[in-house]
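A quick write-up on the structure given underneath.
If you're wondering where the values come from, they're calculated on a predicted model, not measured in any experiment. Each chain gets a letter, A, B and so on, in the order its sequence line appears, and its residues count up from 1.
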Number of protein chains: 2
Amino acid sequence: MAISERKKKILAAVVDAYIQTAEPVGSKTLAQNACLGCSSATIRNELAELVNLGYLEQPHTSAGRVPTPMGYRLYVNELMEKQKLSIEETEDINRRLNQKLQELDDTIGNVSRLASQLTDYPALALTTQTAVTIKRFDIIYVDANTFILVLMLANNAVRNKLVHLPFSVDQNMIQRLSALFNASFTGIAEDEITPLLISSTERAANDSMGLTSVIAAFALEVLGESAAPAAFVSGENRLLGQPEFRDVDKAHRLMSYLTGGGHILPAAESFGTGEEVRVLIGPENVAEELKDSSVVIASYDAGDNTRGLIGVIGPTRMDYSAVAAKLGLLAAGLSRRLGGGEAPPPGVNNKLIIKGDDSNDR
Amino acid sequence: MAISERKKKILAAVVDAYIQTAEPVGSKTLAQNACLGCSSATIRNELAELVNLGYLEQPHTSAGRVPTPMGYRLYVNELMEKQKLSIEETEDINRRLNQKLQELDDTIGNVSRLASQLTDYPALALTTQTAVTIKRFDIIYVDANTFILVLMLANNAVRNKLVHLPFSVDQNMIQRLSALFNASFTGIAEDEITPLLISSTERAANDSMGLTSVIAAFALEVLGESAAPAAFVSGENRLLGQPEFRDVDKAHRLMSYLTGGGHILPAAESFGTGEEVRVLIGPENVAEELKDSSVVIASYDAGDNTRGLIGVIGPTRMDYSAVAAKLGLLAAGLSRRLGGGEAPPPGVNNKLIIKGDDSNDR
DNA sequence: TATTAGCACTCGAAGAACGAGAGTGCCAAC
DNA sequence: GTTGGCACTCTCGTTCTTCGAGTGCTAATA
């Protein structure tokens, strides 16, 4: 059921206005501000039809119109002008990206903070990691009671741990253990580190003090931690700036939901591999708590087998265009920096495919 | 100007009731619930005097009474019964502390999260670090283009960094650099790592490829990062659960302030060295944004020259007793685990000195 | 046939009026 | 010094009213 060009134009105008003002838009305002070349009466007729078609709705009989999720969907898919970020903005994002990533290596937190700052909505970043293995095992002897474990993972992350013992070990033992672990603990997955393997290593090392199990425990811990998808949410408080969250309870509910960030994962299930930006509008979200909010998600290549996700959460009345553009750029920048592939030309990367989930349009 | 015992008892009852209900307390309720052995009329007289003395106030003529900051101050200093945590609670805190600290070594974030969970108020944790030095320098040779830097600091923190080079180095060079750095870069402070030192090391190592400066840069980065006070706020959204923050704008202001956690530092200036718990009530706070909230702060020994701070933020109508008890226990537990001193006996540690800032009582 | 002007109608938001109830202050009695 | 009693005050929630924005419909117009 294709709708006329004019209807589309009017719908776009309604959404644009509503995004800006958060107030239902009336025919008069529309006739004045959007240059549609027809009178308010005509617009009224069109609006009434758009309501019938399900793209708009009225909070009450004598109020203006507000987009429905379906209206937003059409807007996002076809109508909104893909916002081109200015060169300055692009450069700003890239600059901040560089800065942030150097500052600390706790990247995922930084990515989410940055996304939140740029868009002024709460943002979350998460990574899913496919099974990681250990690439290298080093033990640094500090003194008779102390050593440092250094683990290098297949994805090139390096983890360390200082171990302090209540008894002494000699340097030979340390060397022996190091060799043994490098021989039998590298290249295997978490579930291959069995009690059997540990005890046989223990025997081989002639270790009667339980060192082997300390080291193995650390290995397990690191692998477990790296395999677990990590999530980081920031800028929750920005929600309170939005008029739709004047209701404290509503805001509280969503914020609590966000703070336990992992929950968002179901939404991320259908992980995109491309670099498109995806928009989930209101009821399209699986999570009950998000049913009247929208989420914009971009995914990026975070290096060896790892994909990262950046998401921005806001009211359905969200500035989709701007958020999508910024998030796309951010994701592209991250892929460029972290991804395994060769770096693309450093020019402005504005190619942005907005793809949504049409499945529940009826 | 000492006030009578009965007045104190009544004041305490008012504060207790108000903390629980968040509603102004009237003479009748007081006569019924608190066992004061006198009628509501008598209480009314006493209440009127307490208002005159400045310990209570009335939101309007025909409402109950609400404590003033001065009233809270007296309550905190003298009246409130120091809450003894039950054995179960104590053990729960200790257990969670152990768990949290093992889970990740990003301790400060965990401390703040834990404090927030325990008290159900937003919490922040911060550390100030006095100059840290490097204790040990290791370089692990991975392959011709790659090595891992491992730095152990005087406070026993270990940091690492994977370095990937666009050219090859041989293992000898790595060894030479490692020895040189251990000889001349350990035990010195950040500002002693001068360009001069770097270039002389570079010459000594016969390094023409700039490796020395890469390593030195990392050392500087780590030292800088460790010296900078780090702050971490969590549980901001719990504010919204408090009736005094039904006003979205008020909540938003405070939450934004909290999110930029570093600002809190001025309040922490007068860093306690003891293990007492300190309470700052409403206007006693320096920061404008906290003028009608209260902060409970505990400090702990975080190992070599480092002190950490845990703070909990809430409305002035805060459950000071419970929060102080929990925070004190948390701080004690942290000191025990992180501090340099020998571990105190593992029994229940309930000794809790509440000390406030009396300076602006008039 | 599509568009427009005009007009009666609807419905929510904001304000005014009002009664109920909680709590006070004061007074006289104990 | 304490208590019961009572008139008074002020907020809160309810109801009623008004105001105005915005609609839907109809008849006139291009």
Legend entry - Residues from residues 6-22 of chain A lying under 4.0 Å of DNA chain D - heavy atoms: none
Inset, instruction - Apply side chain to side chain donor-acceptor pair (under 3.5 Å) to B:T42 and list each qualifying residue two or more places apart in sequence or on a separate chain. - result: B:S39
Legend entry - Which residues share a side chain to side chain donor-acceptor pair (under 3.5 Å) with B:E57, sequence neighbours left out: none
Inset, instruction - Measure from the side-chain N and O atoms of A:T316 to the backbone N and O of A:G282, and report whether any donor-acceptor pair falls under 3.5 Å. - result: no
Inset, instruction - Scan B:A41 against the nucleic acid and name what it touches under 4.0 Å (heavy atoms): base, sugar-phosphate only, or nothing. - result: base
Inset, instruction - Give one of base, sugar-phosphate or nothing for A:S27, where a contact means two heavy atoms less than 4.0 Å apart. - result: sugar-phosphate
Legend entry - Residues forming a side chain to side chain donor-acceptor pair (under 3.5 Å) with B:R238, sequence neighbours excluded: B:S116, B:D120
Inset, instruction - Please identify each residue that fulfils salt bridge (Lys or Arg N to Asp or Glu O under 4.0 Å) with A:R44, with sequence neighbours left out. - result: none
Inset, instruction - Nearest-nucleotide wise, let me know which of B:H60 and B:N45 is further upstream toward the 5' end of DNA chain D. - result: B:N45
Legend entry - Stretch residues 240-249 of chain B: residues that reach within less than 4.0 Å of DNA chain D through a heavy atom: none
Inset, instruction - Provide the start and end nucleotides, 5' to 3', of the part of DNA chain D that has atoms under 4.0 Å from heavy atoms of chain B. - result: D:dT2 to D:dT11
Legend entry - Residue closer to the 5' end of DNA chain C, A:G37 versus B:S62 (nearest nucleotide): A:G37
Inset, instruction - Please list, in 5' to 3' order, the outermost nucleotides of DNA chain C lying under 4.0 Å from any heavy atom of chain A. - result: C:dT3 to C:dG12
Inset, instruction - Output all residues satisfying side-chain contact (heavy atoms from CB on, under 4.5 Å) with B:D247, sequence neighbours left out; order by chain, then residue number. - result: B:D249, B:K250
Inset, instruction - Look only at the side chain of B:S27 and the backbone of B:I43, and say whether a donor-acceptor pair between them is shorter than 3.5 Å. - result: no
Inset, instruction - May I ask you to decide if A:P315's main-chain N or O and A:S293's side chain share a donor-acceptor pair within less than 3.5 Å? - result: no
Legend entry - Residues that A:Y72 engages under ring pair (Phe, Tyr, Trp, His ring centres under 6.0 Å), provided they are two or more places apart: A:Y320
Inset, instruction - Pick out which of A:R65, A:E46, A:M70 makes a side-chain contact (heavy atoms from CB on, under 4.5 Å) with A:L56. - result: A:R65
Inset, instruction - Between B:S39 and B:P59, just flag the one whose closest nucleotide in DNA chain D comes earlier from the 5' side. - result: B:S39
Inset, instruction - Mind jotting down which residue pairs meet the side-chain hydrogen bond (donor to acceptor under 3.5 Å, both in side chains) criterion with at least one end in residues 10-23 of chain B? Sequence neighbours excluded, please. - result: B:D16-B:Y75
Inset, instruction - For A:R253, enumerate each residue passing the salt bridge (Lys or Arg N to Asp or Glu O under 4.0 Å) test, keeping only those at least two apart in sequence or located in another chain. - result: none
Legend entry - Student check: side-chain heavy atoms of B:V51 and B:L47 closer than 4.5 Å: no
